[in-house]
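Heads up: the structure comes next, in structure tokens.
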Protein chains: 2
Amino acid sequence: MSTRKPAPEPTVEQVDTSYLESLVGYNARRATLVIMDAFFTNMAAYGLRPADFSVLSLIAHNSGVTSRQLCTTLNIQPPNLVGMINQLEKRELITRRPHPSDGRAMGLHLTPAGHKFMKQAELTASDLERAATARLSPAERKQLIQLLRKIYI
Amino acid sequence: MSTRKPAPEPTVEQVDTSYLESLVGYNARRATLVIMDAFFTNMAAYGLRPADFSVLSLIAHNSGVTSRQLCTTLNIQPPNLVGMINQLEKRELITRRPHPSDGRAMGLHLTPAGHKFMKQAELTASDLERAATARLSPAERKQLIQLLRKIYI
DNA sequence: TATTGTTATACTCTATAACTATA
DNA sequence: TATAGTTATAGAGTATAACAATA
């Protein structure tokens, strides 16, 4: 026969996250969400979500790039890019021009207004990044980027 | 009058991503997606998505934890946790028991089957992590985690 | 009056199937 | 036959409002 008292119902004071914190994926996801949150806050003034910004930035630095190239580079499904491109064109930040050698494709370009807009947007994005990673030294920040690249390249 | 030829329509051979790659957020997001993809593939056998796994793991290491504590720790909105908890209970991996000192709350616990299940699931998750970050040395992996923690803690 | 857990719901993000026009 | 761009649509994931029970 058992004379032991039943185990008292346990309660948790501080949640132990040590196992999850041993996983790169958990830490990368948490860090990503923090930076994305800062992005939403600081880039709302430009009316740009992270995906819009990435697309515009790639067009800025790759005049004549095609939708297909953007999709491949950014891992975006083509149907999901259509709306973005349409809106950016409606905002007169980009123009579509026929591709010189492929009649199916369109080359994407920034308008002069788009260039001016993106110059400022990239400055703001870089600033917000530095603020969100303020606890990292410049050397640590550089190394963090190198380590992350080793995962997805 | 202008006698210059119009600028030839530019095409892009290789997309230049150097600006985006200077941003921690871009790199963190890309790396996160790669690891999450490996997670989906390898953990599908357990019927666990990343959020389910995080929840189960926290319950495993914090017997008696409440839904509210999980939400705060994992940045999940309470309504979005309800369905997860219900399914995990239906699968008989967890049980809900009244909280000993707060009549509103329920303490969450793993069943014996849940413990056995999670022991294996955590091993698989750790393995998949090592595979997804195979290009990092153990020291680099450890440092990457430390750097990421500095962003979200 | 505030908090836990819950329902209902809406909104965003992402993915798939199928079409057209060009290669 | 394959590819670029597009349409329509479906499924995740995530967010807010409001409620009952308890603190």
Side-chain angles (χ1 to χ4, degrees), chain A residues 11-12 15 25 29-30 32-34 36-37 39-41 43-44 47-55 59 62 64-90 94-109, chain B residues 9 11-12 15 25 29-30 32-34 36-37 39-41 43-44 47-55 59 64-90 94-109:
Chain A
T11 62
V12 175
V15 180
R29 184 162 149 73
R30 295 299 297 267
T32 300
L33 289 176
V34 165
M36 299 270 279
D37 203 61
F39 190 97
F40 280 112
T41 305
M43 301 300 284
L48 295 180
R49 294 155 302 172
D52 303 313
F53 177 79
S54 301
V55 165
I59 299 173
N62 300 272
V65 71
T66 67
S67 290
R68 178 61 53 164
Q69 288 177 308
L70 293 180
C71 287
T72 303
T73 305
L74 295 173
N75 256 312
I76 298 174
Q77 301 309 313
N80 299 329
L81 186 64
V82 175
M84 280 188 246
I85 296 291
N86 283 341
Q87 281 204 308
L88 296 174
E89 194 180 29
K90 198 169 293 174
I94 65 171
T95 56
R96 268 188 268 227
R97 294 210 294 271
H99 190 280
S101 61
D102 187 337
R104 298 168 302 181
M106 299 290 282
L108 301 172
H109 306 264
Chain B
E9 199 62 17
T11 62
V12 175
V15 180
R29 184 163 148 73
R30 295 299 298 266
T32 300
L33 289 176
V34 166
M36 299 271 279
D37 204 60
F39 190 97
F40 279 112
T41 304
M43 301 301 284
L48 296 181
R49 295 157 300 174
D52 302 314
F53 176 79
S54 301
V55 164
I59 298 173
V65 70
T66 67
S67 289
R68 178 60 53 164
Q69 286 177 307
L70 293 180
C71 286
T72 303
T73 305
L74 295 173
N75 256 312
I76 297 175
Q77 302 308 312
N80 299 330
L81 186 63
V82 175
M84 280 189 246
I85 296 292
N86 283 341
Q87 281 204 307
L88 297 174
E89 195 181 28
K90 198 169 294 176
I94 66 170
T95 55
R96 269 187 268 229
R97 295 211 292 272
H99 190 281
S101 62
D102 188 336
R104 298 167 301 182
M106 299 290 282
L108 302 171
H109 307 265

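Atom set for the values below is all heavy atoms of this structure, side chains included, hydrogens, waters and symmetry mates excluded. Below, read A as the first sequence line, B as the second, and so on, with proteins coming before strands; counting in each chain starts at 1.
A heavy atom closer than 4.0 Å to some atom of DNA chain D occurs in B/Arg49, these being the qualifying members of residues 48-55 of chain B. Scanning residues 65-77 of chain B for heavy-atom distances under 4.0 Å to DNA chain C yields B/Thr66, B/Ser67, B/Arg68.
A/Gln69 and B/Val15 make their closest contact through CB-CG2, 4.0 Å (heavy atoms, listed as atom of the first residue, atom of the second, distance). Nearest heavy atoms, A/Arg30 versus B/Leu74: NH1-CA, 4.2 Å. What you find for A/Pro100 and B/Thr11 is that their closest heavy atoms are CG-CG2, 3.3 Å. Nearest heavy atom pair, residue A/Thr66 against residue A/Ala105, reads CG2-CB, 4.0 Å. Residues B/Arg29 and A/Thr32 come closest through the heavy atom pair N-OG1, 3.7 Å. Contact detail for A/Pro78 and A/Cys71: the closest heavy-atom pair is CA-SG, 3.5 Å.
The CD1 atom of A/Ile94 sits 14 Å away from the C1' atom of D/dG5 (whole-angstrom rounding). One atom, CE of A/Met36, and another, C1' of C/dT12, lie 12 Å apart when rounded to the nearest Å. Distance CG (B/Asn80) to P (C/dT12): 16 Å, rounded to an integer number of Å. Atom CD1 of A/Ile85 and atom P of D/dG5 are 9 Å apart (whole Å). B/Leu81 places its CG atom 16 Å from the P atom of D/dT16, with the value rounded to the nearest Å. Rounded to an integer number of Å, the gap from CG of B/Asn86 to P of C/dT6 is 7 Å.
Contact of the A/Asn62 side chain with the A/Leu70 side chain is not registered, since no non-hydrogen atoms from C-beta on lie closer than 4.5 Å. In this structure, the side chains of B/Arg96 and B/Leu88 stay at 4.5 Å or more apart for every pair of heavy atoms. A 4.5 Å side-chain heavy-atom check between A/Leu33 and B/Asn75 finds every atom pair outside the cut-off.
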Could you list the donor-acceptor pairs under 3.5 angstrom formed by side chains in residues 47-54 of chain B, with sequence neighbours left out?
residue, atom, partner, partner atom, Å
B/Arg49, NE, B/Asp52, OD2, 2.8
B/Arg49, NH2, B/Asp52, OD1, 3.1
B/Arg49, NH2, B/Asp52, OD2, 3.1
B/Asp52, OD2, B/Arg49, N, 3.0
B/Ser54, OG, B/Pro50, O, 3.0

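Environment of CD in B/Gln87: sparse, with no more than 12 heavy atoms of neighbouring residues, nucleotides or ligands closer than 6.0 Å.
Under the side chain to side chain contact (heavy atoms under 4.5 Å, CB included) criterion, A/Thr41 pairs with no residue, sequence neighbours left out.
Helical stems in DNA chain D, defined as runs of 3 or more consecutive Watson-Crick or G-U wobble pairs with both donor-acceptor distances under 3.5 Å, are listed by first residue as C:1-23 with D:1-23.
Taking the side chain of B/Phe40 as heavy atoms from C-beta on, and the options C/dT14, D/dG13, C/dT6, the nearest nucleotide is D/dG13.
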Show me the protein contacts with nucleotides 18-23 of chain D, counting only N or O atoms at under 3.5 Å.
residue, atom, partner, partner atom, Å
D/dA23, OP1, B/Gly103, N, 2.8

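Checked against B/Ile76 for a side-chain contact (heavy atoms from CB on, under 4.5 Å), the options B/Asn80, B/Thr72, B/Thr73 give a single hit: B/Asn80.
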